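Below is one structure; the comments refer to it alone.
Quantities reported herein were computed from a predicted structural model and do not represent experimental measurements. Indexing begins at 1, ligand by ligand and atom by atom, following the structure's order.
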Amino acid sequence: MSHEQIAAAALDQLAIELPSWGFANTGTRFGKFLQAAAATTLEEKFADAAQVHALTGACPTLALHVLWDLPGGVADVARVQALEARHGVRAGSINPNLFQGQRYKHGSVGNPDPAIRAEALAHLRESVDIARQLGSRDLSLWFADGSNYPGTQHIRQRKHWFAEALSMVHERLGPGQRMLVEYKPFEPAFYHTDIADWGMALLLAREAGPQAHVLVDTGHHYQSQNIEQIVAWLLDEQRLGGFHFNDRRYADDDLTLGSIDPYQVFRIFHEIQQFAWERGAAPDLAYMVDQSHNLKGKIEAMIQTVRTAQELWVKAALVDREALAGHQAACRLVEAERCLTDAFATDTRPLVTAWATARGLPPDPFVAFRESGYLETITRERGDRNLASVTSYA
Ligand code: AFD
Ligand code: MN
Ligand code: MN
């Protein structure tokens, strides 16, 4: 197959889910720089996501955050369905919110107070119902639960509470639905986080049931951790549910994918495509973006992330897997390594552009967005409202 054919086949497989929260002003714990064009309503989030999808051809679904996007819970499902129809983007994974309520100060499903654990479980169950009514396959579970000081919480007891809650959520899942258990080593808890690494997430997913899988957020690892090795193990265990894409220099920085370490993203993609090549079928993974930019323009950063993911995905598709297998078996180290480095060194931008133009998409989505006038329009429509709350600090 030619590089063009390989690229086209690979890109046709890659659907990237956008986060609703990525279009809104979110900022950091030190404050946020309000953007005049930021989305505030769910309608605006769908409209902005639809722009990214129309320009990249790769983003048919939008991840929703229950409290932020469906404050009325299942009562808001009809409103979401209307927005799906109007904007041509479907609701994607459903993200419960168990980290903002004051009652969750000492945890949600890991809270020592059984009444609070029950409230958290009720929210999780409603989130499953929302997903089922929207036809969303995935419930995306991230828990901020943990503690800040040694001795303040019973780690094993909380482990049992988590196992109990996740098993009860699993019982609520309908056919074809999945629950993705996300792990994160720290933040906002700074001494222990109840689901801190991939091993804890895997054990909890296994105990919950066959429809539970692990969600790998690329920003949720210690410095220099080998993420592609974790991905390879979870693939082999058939327990990799998908990803939250972002990049990091130090912690969960939620930077644009590939902006710091594109070779790591490539190696993750290589493990996935190696697995697919050996099995003769691509694993069913959710490729989701989890970024919300405080400095870059929201939509532009999302376009950049999607295009970068496409370029790196094609690079991984260009690895000569037959040759690699032979070099690995014979321990021809440099030759084996060069199978990866040669593919990574290939400029795949023309290949992604060819794939896009063959599908009637703009050759460069970033330029097309800049020329579209959409940013000027939403800035005019949203600016006064978005900046009304700015209190300038000298
Ligand atoms: C934060 C958390 C986690 C979660 C995301 C969306 O660190 O990554 O998936 O919010 O709720 O980034
Ligand atoms: Mn995440
Ligand atoms: Mn995160």
- Message: Which residue and atom name correspond to the protein heavy atom nearest atom 9 (O) of ligand 1, and how close is it?
- Response: Glu182 OE1, 2.8 Å
- Item | Glu182: its N/O/S atom lying closest to the Mn ion (ligand 2) (atom name) | OE2
- Task: List the steps, then state whether salt bridge (Lys or Arg N to Asp or Glu O under 4.0 Å) holds for Asp364 with Arg349.
- Result: CA-CA 9 Å; Asp364 182 331; Arg349 289 172 298 181; over 6 Å; no
- Query: Relative to the heavy atoms of Asp252, which atoms of ligand 1 are at a distance of less than 4.0 Å?
  - Reply: 7 (O), 12 (O)
- Based purely on interatomic distance, does His220 place a nitrogen or oxygen under 3.5 Å from a nitrogen or oxygen of ligand 1? yes
- Starting from atom 7 (O) of ligand 1, which protein heavy atom do you reach first, and at what distance in Å? Lys184 NZ, 2.7 Å
- Message: Students should be able to answer this: which protein heavy-atom is nearest to atom 6 (C) of ligand 1, and at what distance?
- Response: His65 NE2, 3.6 Å
- Query: Of Phe245, Phe243, Phe275, which is the lone residue that meets ring pair (Phe, Tyr, Trp, His ring centres under 6.0 Å) with Phe269?
  - Reply: Phe245
- So which N/O/S atom does His244 have closest to the Mn ion (ligand 2)? ND1
- atom 5 (C) of ligand 1 sits nearest the protein heavy atom Asp290 OD2, 3.2 Å
- Query: Of all N, O or S atoms in Asp252, which has the smallest distance to the Mn ion (ligand 3)?
  - Reply: OD2
- Query: Is the Mn ion (ligand 2) less than 2.8 Å from at least one N/O/S atom of His220?
  - Reply: no
- Item | side chain to side chain contact (heavy atoms under 4.5 Å, CB included) assessment of Asp76 paired with Leu42 | CA-CA 11 Å; Asp76 288 347; Leu42 187 57; over 6 Å; no
- Vertex the Mn ion (ligand 2), ends Asp290/OD2 and Asp217/OD2: angle to nearest 10° comes to 90°
- Message: Would Arg359 and Asp12 count as a side chain to side chain contact (heavy atoms under 4.5 Å, CB included) here? Give the steps.
- Response: CA-CA 11 Å; Arg359 283 151 185 78; Asp12 283 345; 3.1 Å; yes
- Query: Can you tell me how far the CH2 atom of Trp313 sits from the OH atom of Tyr287, to the nearest 0.5 Å?
  - Reply: 3.5 Å
- Check whether NZ of the Lys or CZ of the Arg Lys315 lies under 6.0 Å from the centre of the six-membered ring of Phe344 and within 45 degrees of that ring's axis. yes
- Message: Can you tell me which portion of Glu187 lies within the under-4.0 Å heavy-atom range of ligand 1? Options are side chain, backbone, both, or neither.
- Response: neither
- Note on the structure: If we number the atoms of ligand 1 from 1 as shown, the ones under 4.0 Å from a heavy atom of Asp254 are 12 (O)
- Query: For ligand 1, which atoms, with element, lie under 4.0 Å from some heavy atom of His244?
  - Reply: 9 (O)
- Message: Over 60° means perpendicular and under 30° means parallel, so tell me whether Tyr263 and Phe266 are parallel, tilted or perpendicular.
- Response: parallel
- Note on the structure: ligand 1 to Asp217, heavy atom cutoff 4.0 Å, flagged ligand atoms 8 (O)
